[in-house]
> 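Here's a structure for you.
Residues take their numbers from the sequence shown, with the count starting at 1.
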Amino acid sequence: MSSSSNTAPSAGQSDAETTHFGFSTVAETDKAGLVRQVFDSVAGRYDLMNDVMSAGVHRLWKASLIDSLRPRTGERLLDVAGGTGDIAFRAMAAARRAGDNRQPHRPDLRVTVCDINAEMLRVGAARAESRGCGDIDFVCGDAEALPFPDRSFDAYTIAFGIRNVTRIDAALEEAFRVLKPGGRFFCLEFSPAVVPALKAAYDRYSFSVIPRLGGWITGDRDSYRYLVESIRRFPAPERFAAMIGAAGFDRVKVRGMSMGVVALHGGVRL
């Protein structure tokens, strides 16, 4: 698939009915399908590609997310857009390491992975089975209309996924809805606010090297060009923090990492 050409909206479409897909303009109703094609194409080697294109640094970013989350035994965690299970496995391991000896019979952390992409979920479920992780549920669902009851989770995470949803505000409202009072929200996402000293080199690497690596490793250069472009269309950290607050969250915080390449956002439903 190609994501680098500008796609004009059909005749009669208003601006309110269009959105961005990388640097292209597409109908809102088309974006989810286009994103699904991207992840269908790269699912089998998605985590390997993350290792290669970040030189393994994505592991440190995710470790920081887990450290901030502090998953606890007996809780219910919802990980959205995490189909391959990477965050889920890390959270379960952290909860077990921090197990409360005063409550030896407390059940393990229960994790639900929700992803709109069935192929990514297939990869994650196979990995969970091979690791003996029976406490992970894999559910196909849309971040903008989660298939879960109100106030049903203690924590919500989404790592490198929210920029791919069509309506970010709707996804944030759904995150708020499914969290219990006191529930924690964490979003790890690439940021367009890279420090000026790094920007030129970062842009060259993003647009010249990453798509080429994607072509070699996954066989799909265009999908990684879309993913690079989607970072530039994502709101700056301060604006995204304001969106989290507008969805109802309190104690909203943001922490930049790796010279602004990535930001970790957090909030609490009071």
> Does some side-chain heavy atom of Ile168 sit less than 4.5 Å from a side-chain heavy atom of Phe234?
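Yes; the side chains approach each other to less than 4.5 Å.
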> For atom CZ of Arg110, is the number of surrounding heavy atoms from other residues, nucleotides or ligands below 6.0 Å larger than 12?
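Yes - once you tally the heavy atoms of other residues, nucleotides and ligands closer than 6.0 Å, there are more than 12.
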> Does any pair with a residue in residues 68-95 pass ring-ring contact (aromatic ring centres under 6.0 Å, His included), and if so which ones, sequence neighbours excluded?
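Matches after skipping sequence neighbours: none remain.
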> Could you check whether Ser206 and Arg232, counting side-chain N and O atoms only, form a donor-acceptor pair closer than 3.5 Å?
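There is such a pair (donor and acceptor under 3.5 Å, judged by atom type) between the side chains of Arg232 and Ser206.
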> Counting only heavy atoms not in Arg233, do more than 12 fall under 6.0 Å of its CZ?
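It does: Arg233 CZ has more than 12 such atoms within range.
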> Under the side-chain contact (heavy atoms from CB on, under 4.5 Å) test against Leu78, which residue among Asp137, Val178, Leu179, Val113 passes?
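Answer to the side-chain contact (heavy atoms from CB on, under 4.5 Å) test with Leu78 among Asp137, Val178, Leu179, Val113: Val178.
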> What do you reckon, are the aromatic ring centroids of Phe176 and Phe185 less than 6.0 Å apart?
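For Phe176 and Phe185, the ring centres are not under 6.0 Å apart.
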> Would you say the ring centroid of Phe240 lies under 6.0 angstrom from that of His265?
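They qualify: ring centres under 6.0 Å apart.
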> Which residue is it: Arg269, Arg76, Arg70, Lys180? I am looking for the one with a salt bridge (Lys or Arg N to Asp or Glu O under 4.0 Å) to Asp154.
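Going through Arg269, Arg76, Arg70, Lys180 one by one, the salt bridge (Lys or Arg N to Asp or Glu O under 4.0 Å) with Asp154 is satisfied by Lys180 alone.
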> Going by atom types alone, do Arg163 and Ser230 pair a side-chain donor with an acceptor below 3.5 Å?
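Yes, because at least one side-chain N or O of Arg163 sits under 3.5 Å from a partner of the opposite role on Ser230.
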> Transitive ILVMFWY cluster of Val268 at side-chain heavy atoms under 4.5 Å: who else is in it?
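Answer for Val268: Leu270.
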> For the residue pair Met243 and Asp169, what are the closest heavy atoms and their distance?
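Taking Met243 first and Asp169 second, the nearest heavy atoms are CE-N, 4.2 Å.
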